[in-house]
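Shown next, in structure tokens, is the structure this report addresses.
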Amino acid sequence: LGSRAAFHEERPQDNPYINDYYSDSKRWSFHSQVSFLSLYFDDPAWRPGEGQPEFFFFDRAFLENLVIAKYRLRQQDLTQDEYGILCKLANGIASLMPPIDKYLYLDCSVSTIIEHMRQRGREYEDDLDLMYVYELKELYDEWAKTLPPDRTLRISMDGGEYDLEQIVRFLEDRPIAFFDSGLGGISVLRETVRLLPQENYLYYGDSLHAPYGVRPEAEIRALAGAAAEQLVQAGAKALVVACNTATSAAIVQLREAYPD
């Protein structure tokens, strides 16, 4: 993906409580978890704005942090109140962040996890109990079941290799979106599917406000703009305006708003 992509890494080395956490998890679990949440916000690259890359990767999904918190709750290193605060904080912040389009779940056996932990050479992980890995993997597998299946690629890491082309295809497999004031555009969609059967599609029929022909041009532009924004937020890579009225009133505005 090259220059089309950027990423945010977890950076445990920048968590001021990380060593204290591993030496006394009961005393420092809450502090460490809050610190990990805060580290997402000293990197402006993922925030919406000018110059944002086409693809942005988090090496840990924001709400994934709650998997560790749940483990510490089970170990009685967090109280129920502390865990509740972390959940409210994480879910509240996540609702303000850009939505995640797709998930890559790196799946592997406990033995592979242990080997990877040894390879990364973090001294504070040298004495971790084997049960820690088993129980944490169990929680991660439970969390993975909550991810949307159609937007999640599960990658086995046990073989030491993975299909990079498969991953890129999965990431770039965004839909072509069609917009109409009703259902008339379905005929255009049908013909496109015939010509490009390998693509995925979205269809937005604004029957709530149909017909557009009786509405003022400014209102049509606003409705078309709102529809386009929803489709782009849903991950559309291209937008087809299959409505004559909307095309006449709003196509210039839409091309300026979404030049790519």
Side-chain angles (χ1 to χ4, degrees), residues 5-50 52-53 55-107 113 116-117 120 122 124-125 128-129 131-154 229-230 232-235:
F7 71 96
H8 174 91
E9 60 180 327
E10 183 186 9
R11 304 192 347 261
Q13 70 275 12
D14 293 335
N15 185 333
Y17 301 104
I18 194 67
N19 290 306
D20 294 327
Y21 165 72
Y22 278 99
S23 62
D24 186 355
S25 57
K26 193 174 187 67
R27 171 69 178 84
W28 297 105
S29 282
F30 184 78
H31 300 72
S32 178
Q33 288 298 304
V34 172
S35 180
F36 271 125
L37 296 180
S38 72
L39 287 175
Y40 283 76
F41 297 94
D42 60 3
D43 180 1
W46 60 264
R47 302 175 192 172
E50 295 295 326
Q52 188 180 30
F55 297 94
F56 194 91
F57 294 85
F58 290 99
D59 68 349
R60 179 192 293 273
F62 190 72
L63 289 180
E64 187 182 341
N65 289 279
L66 295 179
V67 176
I68 302 290
K70 189 172 184 179
Y71 171 79
R72 287 304 171 189
L73 175 67
R74 288 187 177 183
Q75 298 299 307
Q76 299 184 333
D77 293 332
L78 287 172
T79 67
Q80 188 65 53
D81 286 342
E82 288 172 331
Y83 177 71
I85 290 171
L86 289 171
C87 287
K88 288 180 181 178
L89 183 63
N91 283 291
I93 294 173
S95 69
L96 303 176
M97 296 175 71
I100 295 176
D101 298 311
K102 296 187 177 182
Y103 296 84
L104 301 174
Y105 186 70
L106 307 184
D107 191 18
I113 294 173
H116 286 181
M117 291 174 71
R120 64 191 186 186
R122 296 174 182 171
Y124 49 77
E125 293 180 337
L128 288 178
D129 188 279
M131 286 305 298
Y132 167 83
V133 181
Y134 273 101
E135 293 176 15
L136 201 54
K137 174 173 168 50
E138 182 181 73
L139 287 173
Y140 269 104
D141 287 342
E142 288 179 6
W143 174 75
K145 292 176 184 177
T146 69
L147 302 179
D150 59 324
R151 295 192 287 117
T152 303
L153 178 63
R154 205 176 186 106
E229 183 177 358
Q230 286 190 46
V232 169
Q233 287 293 322

Phe58/Phe7 under ring-ring contact (aromatic ring centres under 6.0 Å, His included): CA gap, chis, key distance, verdict: CA-CA 6 Å; Phe58 290 99; Phe7 71 96; over 10 Å; no

Under 3.5 Å, which donor-acceptor pairs do the side chains of residues 87-94 form with other protein atoms, sequence neighbours left out?
{"unit_1": "Asn91", "atom_1": "ND2", "unit_2": "Cys87", "atom_2": "O", "d": "2.8"}

Pair Leu136-Ile68, side-chain contact (heavy atoms from CB on, under 4.5 Å): steps then yes or no: CA-CA 7 Å; Leu136 201 54; Ile68 302 290; 3.7 Å; yes

Validation row: Met117, Arg122 side chains within 4.5 angstrom (heavy atoms): no

Tyr134 atom OH, over 12 foreign heavy atoms within 6.0 Å: no

Flag side-chain contact, heavy atom, 4.5 Å: Pro12 against Phe36: yes

Residue pair Gln75, Leu73: steps toward the side-chain contact (heavy atoms from CB on, under 4.5 Å) verdict: CA-CA 5 Å; Gln75 298 299 307; Leu73 175 67; over 6 Å; no

Side-chain donor/acceptor of Asp59 to backbone N/O of Glu10, under 3.5 Å: yes

Verdict with supporting geometry, His116 and Arg120, side-chain contact (heavy atoms from CB on, under 4.5 Å): CA-CA 6 Å; His116 286 181; Arg120 64 191 186 186; over 6 Å; no

Lys102 and Leu153, any side-chain heavy atoms less than 4.5 Å apart: no

Chi angles and distances behind the ring-ring contact (aromatic ring centres under 6.0 Å, His included) call for Phe30, Tyr83: CA-CA 8 Å; Phe30 184 78; Tyr83 177 71; over 10 Å; no

Rounded distance [0.5 Å steps], OG in Ser23 versus CD1 in Ile18: 10.0 Å

Mutual orientation of the aromatic rings belonging to Tyr17 and His31 [parallel < 30°, tilted 30-60°, perpendicular > 60°]: tilted

Non-hydrogen atoms of Asp14 and Pro16 that approach each other most closely: O-CD, 3.3 Å

Backbone of Ser35 reached by a side-chain donor or acceptor of Ser38 within 3.5 Å: yes

CE on Met97 to CG on Leu63, rounded to 0.5 Å: 8.5 Å

Shortest non-hydrogen contact from Leu78 toward Ala69: CD1-O, 3.5 Å

Tyr132 side chain near Tyr71 side chain, heavy-atom distance below 4.5 Å: yes

Can you list, pair by pair, the side-chain donor-acceptor contacts under 3.5 Å of residues 138-149, counting residues two or more places apart and other chains?
{"unit_1": "Tyr140", "atom_1": "OH", "unit_2": "Arg60", "atom_2": "NH1", "d": "2.6"}
{"unit_1": "Asp141", "atom_1": "OD1", "unit_2": "Tyr105", "atom_2": "OH", "d": "3.0"}
{"unit_1": "Asp141", "atom_1": "OD2", "unit_2": "Lys137", "atom_2": "NZ", "d": "3.1"}
{"unit_1": "Thr146", "atom_1": "OG1", "unit_2": "Trp143", "atom_2": "O", "d": "2.5"}

Salt bridge (Lys or Arg N to Asp or Glu O under 4.0 Å) assessment of Arg27 paired with Asp24: CA-CA 6 Å; Arg27 171 69 178 84; Asp24 186 355; 5.9 Å; no

Chi angles and distances behind the salt bridge (Lys or Arg N to Asp or Glu O under 4.0 Å) call for Asp107, Arg154: CA-CA 7 Å; Asp107 191 18; Arg154 205 176 186 106; 3.2 Å; yes

Gap between atom CD of Gln13 and atom CG of Asn19 - 0.5 Å precision: 11.5 Å

Any side-chain donor near an acceptor of the partner, Tyr21 and Arg72, under 3.5 Å: yes

